[in-house]
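Notes follow once the structure below has been shown.
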Amino acid sequence: MVQSKKQKYWFLAFCLIPTFILFAVFTLYPLFSGLYYSFFDWSGSSSNKEFIGFSNYVKLFHDAVIPNTIMHDYFLVVTKIIGIMVLAMFFAVALTQLKIKEAPFYRIVFFFPNIMSVVVIGILWMFIYNPSLGLVNSGLEFLGLEKWARPWLGDEKWALPSLVFPAVWAGIGLFMLMLMGGIANISKSYYEAAKIDGATEWQQFWKITLPLVWPQIKVSILYIVITTLNGSFILVQVMTGGGPNNATHVMGSYLYQQAFKQYNFGYGATIGVMILVLSLITVLLLQFLMRREKVEY
């Protein structure tokens, strides 16, 4: 049926306007509200807001906790990228290339943590790390390694690294499926030709699989970075609350503490602006570093 230009414009407006309204309400409004409140001294519950200009930003640069929260966030970013991508790629290749009969079952098993709430995952791993009844210390004692047992989440040295394992465990399944989708789209003729030319399995992985699934790898890395910088505070809040002695505070958890526990909402909004800026810079830098021409055979 032939439509006039006016009808097409009305159809586009009908599709786009509701989406834009939702985007404005749930994204733009909080964004600009946070920027606005960062210039005020406000408790978050009082009707009195005192305009203080850039004082919160000056305080931000002199806050001794902020550098540690930034380092903690990027520590989680780096370790999660390495841990998740290595394991997700390993399992994706194994389940697609080794022709395992139970592959559908393993897909469900690995993806199961992704349907669990982050809060549930945090509570589960708190029990696993429990100094007295947890599986980690119990396993070490069973193996005769009692001297390695420790209060993992209560040790300033080990608390932050302990958060990496639940974060990696919860993220493997999603990215494994993304990589499996990319590998499944690779023509089998490439591997057959490589075998005829004498290429080993390892050479096939580096020369065929890895280059052709690079778009999925790039998207996965960017997704891990964004979700870590903006969402790792949930796991921190559940498992450690930022302790012991601020050893696990990330930017998001410190924002929560300032805004909702110490009722310094204006300063919390300033930390939120910092998170936004660092996230944008990190994503843009990674997109520049990971750019490469599309590989086609």
Taking side chain to side chain contact (heavy atoms under 4.5 Å, CB included) as the test, write out the residues that go with [X], two or more places apart.
| X | value |
| --- | --- |
| Thr200 | Trp202, Gln203 |
| Pro151 | Pro131 |
| Ser55 | Ile52 |
| Ile81 | Val77, Met85, Ile221, Ile224, Val225 |

Indicate, with yes or no, if the rings of [X] and [Y] have centres closer together than 6.0 Å.
| X | Y | answer |
| --- | --- | --- |
| Tyr106 | Phe91 | no |
| Tyr223 | Phe175 | yes |
| Phe233 | Tyr256 | no |

Can you name the nearest heavy-atom pair linking [X] to [Y], along with the distance?
| X | Y | answer |
| --- | --- | --- |
| Val118 | Ile234 | CG1-CG2, 3.7 Å |
| Ile172 | Ala88 | O-CB, 4.0 Å |
| Ala159 | Gly243 | CB-O, 4.4 Å |
| Ala259 | Gly268 | CB-CA, 4.3 Å |
| Pro166 | Leu235 | CG-CD2, 4.2 Å |

Problem - Steps toward side-chain contact (heavy atoms from CB on, under 4.5 Å) verdict (Phe165, Ile128) - result: CA-CA 11 Å; Phe165 294 99; Ile128 293 175; over 6 Å; no
Donor-acceptor check, side chain of [X] to backbone of [Y], threshold 3.5 angstrom: yes or no?
| X | Y | answer |
| --- | --- | --- |
| Thr228 | Leu76 | no |
| Thr96 | Val93 | yes |
| Asn114 | Leu174 | yes |
| Asn137 | Arg150 | yes |
| Asn68 | Asn246 | no |
| His72 | Val250 | no |
| Asn56 | Asp41 | no |
| Asp197 | Ala199 | no |

With a sphere of 6.0 Å drawn around [atom1] of [X], does it hold more than 12 non-hydrogen atoms of other residues, nucleotides or ligands?
| X | atom1 | answer |
| --- | --- | --- |
| Phe111 | CZ | yes |
| Phe51 | CZ | yes |
| Tyr263 | OH | no |

Which residue pairs pass the side chain to side chain donor-acceptor pair (under 3.5 Å) test when at least one of the two sits in [range], sequence neighbours left out?
| range | answer |
| --- | --- |
| residues 14-31 | none |
| residues 163-188 | Ser187-Ser189 |
| residues 265-277 | Asp63-Tyr267 |
| residues 31-40 | Ser38-Tyr57 |

Exercise for the section: Please identify each residue that fulfils ring pair (Phe, Tyr, Trp, His ring centres under 6.0 Å) with Trp158, with sequence neighbours left out. Expected result: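 Partners of Trp158 under the ring pair (Phe, Tyr, Trp, His ring centres under 6.0 Å) test: Trp152.
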Do [X] and [Y] have side-chain heavy atoms sitting under 4.5 Å apart?
| X | Y | result |
| --- | --- | --- |
| Lys59 | Asn264 | yes |
| Gln237 | Val119 | no |
| Thr209 | Ile183 | yes |
| Leu163 | Met239 | yes |
| Met251 | Ile70 | yes |
| Glu102 | Arg107 | no |
| Asp73 | Ser232 | yes |
| Tyr129 | Leu135 | no |

Side-chain donor-acceptor distances from residues 280-289 under 3.5 Å, at least two apart:
| residue | atom | partner | partner atom | Å |
| --- | --- | --- | --- | --- |
| Thr282 | OG1 | Tyr74 | OH | 2.6 |
| Thr282 | OG1 | Leu278 | O | 2.6 |

Check for me, please, whether [X] and [Y] land in the same ILVMFWY cluster - side-chain distances under 4.5 Å, paths through other members count.
| X | Y | result |
| --- | --- | --- |
| Met178 | Ile82 | no |
| Phe260 | Met274 | no |
| Leu222 | Val219 | yes |

Practice task
State which residues pass side chain to side chain donor-acceptor pair (under 3.5 Å) with Trp42; sequence neighbours excluded, sorted by chain then number.
Solution key: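 Result, side chain to side chain donor-acceptor pair (under 3.5 Å) vs Trp42: none returned.
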Problem - Residues forming a side chain to side chain donor-acceptor pair (under 3.5 Å) with Glu50, sequence neighbours excluded - result: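 Partners of Glu50 by the side chain to side chain donor-acceptor pair (under 3.5 Å) criterion come out as none, since no residue qualifies.
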